[in-house]
Colleague: 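I am attaching a structure below and will ask some questions about it afterwards.
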Amino acid sequence: MVPKSSVRWESNHAEPRTGMVELNMVELNKDQLNAEQRAAVEHGEGPLLIVAGAGTGKTHVIVERVGYLLRTAPGLEPENILALTFARKAAEEMRRRAGEYFGERALGCRFSTFHAFCYDLLREEIPLRALDKIDQWIFFRRHLEELELDYYLKVSEPGRFLHDLVDFCSRCHDNLVSPVQYSQYVEKLAAEVAQLAKQGRPPGKDAEQEIARLREHARVYERSETLQKQEYLLSFGAMISMAVSRLNESPQLLRQLQQRYAYILVDEFQDTNAAQWELLKLLAGKRRNVTVVGDDYQAIYRFRGASDGSLEQFRKKDFPTCERKVLNQNYRSTKSILNVAHAVARKLDSYKEDKRLVTKKKDQGCTVEVWEFPDAGQQSEFVAQEIARQIQAGEAKAYSDFAVLYRAHRYRNRLVEALRRREVPFAIRNLAIDNLPPVRDMVACLRAIGRPEDSVSLARVLAGPRWEMEASLLWEGCRLARERQCSLREVVEDSGWGGQWPGKAKLLGFLSRYQKLSREQRLLSWFPLLRQELDLFGLKEEGDDTALGAFTDFVIQWDQEKSTAGLLGEFLEYFGYFEEAGGRISLPDEDDPAPTGAASLGESRQGTLWDQSAEAESLGKVQLMTVHGAKGLEFENVFVLHLLRRAFPTSNRRPLISLPDALWKGSLLEGDFHIEEERRLFYVALTRARSTLTLCTVSNKRQQPSRFLDELRNDQLRDEQLREDKDGGSEIDWKKLSAPTEPVLQALRQEDTIRQPPFSQIERWTGAMAAPPAGSLTLSASGLDTYRQCPRKYQYSYVCRLPVSPSPALLFGSIMHRAVRELVSRLAAGRDASNDASRNASKKAGGDAGREVQQPETVEAILDQHWSSAGFTDPHQESKYKEMGREQLAGLKKALEGQPFQLLHQEKGFQFSVKAKQGGGTKLLGRIDQINQLAGQDVELIEYKTGRAQTQKEADRSLQLTLYALACREVLGLKPLSLVLYNLTTQEGFRTTRGPDDFKELQGQIRQVSRDILAGKFPALPGYHCRYCDFRPICPAYEDSRQGDAVPG
DNA sequence: TACTGCGTAATTTTT
DNA sequence: TTACGCAGTA
């Protein structure tokens, strides 16, 4: 892994750099252009396509061409040059270099991203505000009712499909499909379907449903666009498409721009989408002085709308007269690395022989290594160990010479732990700070102030040392709140409670002081004060400032750009949606100017998470980032982590709502385009390395190496056999770590003991609640289920008894249970005595009472009688639920009408004990919805479900049903011959049975769970269910430990 | 060649 | 919760 000779290009960097990663080719002096580069730079008029492979000086050529044009084009002023790219940083970097090479005059050129260019263009006319994806989600969520969702509405989770809808709209913009055009497309289809029906070929229900679904897309797109326009909001996609519209509508403006921008240059052209492409053609006008630079192999952004084959299209379709220049002299990587990269490129559809990269480095460089590990833990340990070793041995000079790349952020966590253990400094690009303890403390504090009913957040706050509360008192308060069915806050405010608690007055004063402020003043006016006060709590640790600074910026931005009155309540609503939409707050880069008034608030973002001595500082930090994040960067030594099946390449996930082919501009996606894109991503990863490249993978029973590695190995074998093309084969050293090395073993041994992230105080307090008093354990079916899903959730809910407000879905369920009970009892009564089943039914309907029960007014009346709005916060959601309730009740009635039944019990409570082998027993509690008599002691149990329709399999496996059947036999002395799980959503009942073996198994499970509970075993079992868990604000599984610093630059 | 059932894992990001 | 890939079957 040691470079045989350390070829260093950065002669102007005598000292090791600290963290700062330069874009490639900075090192080349402007006069050092090779022949191809020079030809590209000195191209005259007309369209020019520069196909520039990785490390061939792409950006350098653009900047040089800007300089060349300024020097040579007669009468050309800087403002006549427009240089466009995609990332803000890339645009800034171009501008910086142009200034550096050609002086101040060059700064007069326009260096911009496509988005910024369009945004500015549109804002010249109307003041607009940009909406990112998350904010667009929130916008949709707030206007849910106006969108009139039907197919895409899930009542229990109204935001469920909003990302899909937002993505769909965005794809329309990318392809310049307007709401009208989409609607026309749908109506044309609808007409065709209708035509078929006329011809006596009924299209079937599927087609009708499909049309309805498409119409819903059209409606959402049209409505959301109208609403956004009304509020002067602009999504990313709309920036481009609206700019194109504006240019089309205003020939004068277009002419003006065409005259102004005599030369247009585009970097990373392979990432353009149809809309950007159209914009470019418009701006280029008749002069067509467009220079585009790109590399098909590095097109990795099709998932966000970039069209396929932009470079080919440029040449073949729109600018057939263009000149094509290929840059293939690579200044970055060793020959070994390029050989491996070539082996990958060769497999691409867009492969072109003339693009083959040729290294300018003189020696071969060291062999590329592929390491296979028995598990992911050892993989991370190895990488961390290897980096530490190379620094210690002097094989590498600085930590900042290392980069570790991964496909997705989540593969980073283990590595972070491993690096930290070895005290290797590292920096993470795009680090989200949302789940860091100080930020969570702050959010909990804001919620405790603004939402008195939020007991979970208050509990987190109360655990802070400042309030001098004992853990036992907190849990006593929680238990009391549950008993009184009130919030923790109400208990705390009760003057008769907590007399022995010294900090009580201080806490109440604190809460009421900020509550008053929060109702009267903008959040921003008192937020710094709160932050300062929290600093005094004694919880502050190193690095907290950095994270809290980023959160402060987030609040500032919200206040200045997104809020109306700026009050806390509005912020909490916004933030709740922000979290639900999956929003992340990232650390800002240190070289960015503070976007808002952070400095004026006395903030500092300079704090680092690592207290480094000056000596350590000079070694920089290992760079951790995703492969996407690494595009455009280069590093001396690159590790690529986790090259596994299903991890890299990932498995394909196509969008839920796709734009029809007929509306897709640009070439259609053909073949296995997902694998193609992943392969290009792999290519990008490989070509980041200058001297050493190490690929890591894992192989065991469940995990297998990536197919990309298989391909490399097969290629190598084939080449060795053929020996025809000495340079063609990838020379890779395949290594396998079968037995962990001693340092790795040591580290793994340490893992359990050291891995104690600085969780919030409440985590320690929860430990005090470990064991409930022995011998008095009571379990319900839901308690049992909860423990099995996540023991920690059980602890919060049943042991600590933290009060939580029931979710709308739960409220609906309990209302429906009561309503169903009434309906069933009326139906049963109606059958027995066919007179007064319904007082509300009109007499005019006449006939027997059984029919009277079917009158819709009765359903309405029953539902109204049991409905309570308490707990529903969203009126639209409530009315949707009520609508569902009506349908479900009506459906049930209809279903029951056809099936006579003998009602024996309703809501029948039970209680019995399961004896433990030693010590006391466990008391089981529950209530059975309905018991019908079949014959004699034979009965049928019915359990109603209002949520997602359960399946036969779920009925067969349901613990709840087993428990009820057992109770039925043990307590009621009845024989449960049949158990029915009845779905009110589908009016489908699944019938199942339980036998002695099932009861035995259940009792065994109950004993096991009881033992674990009494032993205080409450590990958190994180999973998808965390999304819906009330205890997220205090759960350690949801809390990141502090991580590395943000990458500057 | 489809279908069905189970186990596993849930991207990447532009002002 | 859901959707995909893989293995086993009609």
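Every chain is numbered from 1 and lettered A, B, ... according to where its sequence line falls, protein lines coming before strand lines.
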Colleague: Charged N to carboxylate O below 4.0 Å: is that the case for Arg213(A) and Glu210(A)?
Modeller: yes

Colleague: To the nearest angstrom, how far is Gln557(A) atom CD from dT15(B) atom P?
Modeller: 12 Å

Colleague: Would you mind reading off the distance between Gln228(A) atom CD and dT15(B) atom C1', rounded to a whole angstrom?
Modeller: 15 Å

Colleague: Starting from C1' on dT12(B), measure out to NE2 on His409(A) and report it in whole angstrom.
Modeller: 8 Å

Colleague: Can you confirm if the NZ or CZ of Lys281(A) lies within 45° of the ring axis of Trp277(A) and under 6.0 Å from the centre of its six-membered ring?
Modeller: yes

Colleague: Distance check needed: dT14(B) C1' versus Gln136(A) CD, whole Å only.
Modeller: 13 Å

Colleague: Which ones in residues 650-659 of chain A lie close to DNA chain B, meaning a heavy atom under 4.0 Å from one of its atoms?
Modeller: Thr650(A), Arg653(A)

Colleague: Test for a donor-acceptor pair under 3.5 Å between the base of dT12(B) and the side chain of Arg407(A), counting only N and O atoms.
Modeller: yes

Colleague: Determine yes or no for a side-chain-to-main-chain donor-acceptor pair under 3.5 angstrom, with Ser706(A) supplying the side chain and Arg645(A) the backbone.
Modeller: no

Colleague: Any Lys/Arg nitrogen of Asp120(A) or Arg123(A) sitting under 4.0 Å from an Asp/Glu carboxylate oxygen of the other?
Modeller: yes

Colleague: How close or far is atom P of dT13(B) from atom CZ of Phe86(A), stated in whole angstroms?
Modeller: 16 Å

Colleague: Inspect the contact between Arg160(A) and Glu580(A) and indicate whether a charged nitrogen and a carboxylate oxygen are less than 4.0 angstrom apart.
Modeller: no

Colleague: For dT1(C), does OP1 or OP2 lie under 4.0 Å from any side-chain N or O of Arg1027(A)?
Modeller: no

Colleague: Mind checking the CZ-CD1 spacing from Arg141(A) to Ile134(A)? Nearest 0.5 Å is all I need.
Modeller: 14.5 Å

Colleague: Separation of Phe673(A) atom CZ from dT11(B) atom C1', in whole Å?
Modeller: 15 Å

Colleague: What's touching nucleotides 8-10 of chain C from the protein side, N or O pairs under 3.5 Å?
Modeller:
none

Colleague: For Glu124(A), enumerate each residue passing the salt bridge (charged side-chain N to carboxylate O under 4.0 Å, His left out) test, keeping only those at least two apart in sequence or located in another chain.
Modeller: none

Colleague: I need the CZ-C1' distance between Arg412(A) and dT12(B), as an integer number of Å.
Modeller: 14 Å

Colleague: Taking salt bridge (charged side-chain N to carboxylate O under 4.0 Å, His left out) as the criterion, tell me which of Arg97(A), Lys89(A), Arg95(A) meets it with Glu93(A).
Modeller: Arg97(A)

Colleague: Measuring only the C1' atom in each nucleotide, how far is dC4(C) from dT11(B)? A whole number of Å is fine.
Modeller: 14 Å

Colleague: In plain terms, say whether Lys154(A) and Glu157(A) are close enough for a salt bridge, that is, a side-chain N and a carboxylate O under 4.0 Å apart.
Modeller: yes

Colleague: Is there a side-chain contact (heavy atoms from CB on, under 4.5 Å) between Glu231(A) and Phe139(A)? Walk through the geometry before answering.
Modeller: CA-CA 10 Å; Glu231(A) 299 188 24; Phe139(A) 184 83; 3.6 Å; yes

Colleague: For Asp167(A), is there an ion pair with Lys133(A) - N to carboxylate O distance below 4.0 angstrom?
Modeller: yes

Colleague: Between Leu641(A) and Tyr411(A), which heavy-atom pair has the shortest distance, and what is it?
Modeller: CD2-O, 3.6 Å

Colleague: His115(A) NE2 to dT15(B) P: how many Å, rounded?
Modeller: 7 Å

Colleague: Is there any side-chain hydrogen bond (donor to acceptor under 3.5 Å, both in side chains) pair reaching into residues 677-686 of chain A, and which pairs are they, with sequence neighbours excluded?
Modeller: Arg302(A)-Glu677(A), Arg407(A)-Glu678(A), Thr650(A)-Glu678(A), Glu677(A)-Arg680(A), Arg679(A)-Glu711(A)

Colleague: Are Asp267(A) and Lys58(A) close enough for a salt bridge, meaning some N to O gap below 4.0 Å?
Modeller: no

Colleague: Which part of the nucleic acid, if any, lies within contact of Phe114(A), taking any heavy atom under 4.0 Å across all strands shown: a base, the sugar-phosphate backbone alone, or nothing?
Modeller: nothing

Colleague: Choosing from dT12(B), dT13(B), dT15(B), which nucleotide comes nearest the side chain of Thr113(A)?
Modeller: dT15(B)

Colleague: Give me the residues of residues 152-177 of chain A where at least one heavy atom lies under 4.0 Å from an atom of DNA chain C, by number, or none.
Modeller: Lys154(A), Arg160(A)

Colleague: Compare the ring of Tyr1024(A) with the six-membered ring in the base of dT1(C) and state whether they stack (centres under 5.5 Å, planes under 30°).
Modeller: yes

Colleague: Check the interface with nucleotides 5-9 of chain B: list each N/O to N/O pair with the protein under 3.5 Å, or write none.
Modeller:
from: dC6(B); atom 1: OP2; to: Lys953(A); atom 2: NZ; distance (Å): 2.6
from: dT8(B); atom 1: OP1; to: Arg702(A); atom 2: NH2; distance (Å): 3.1

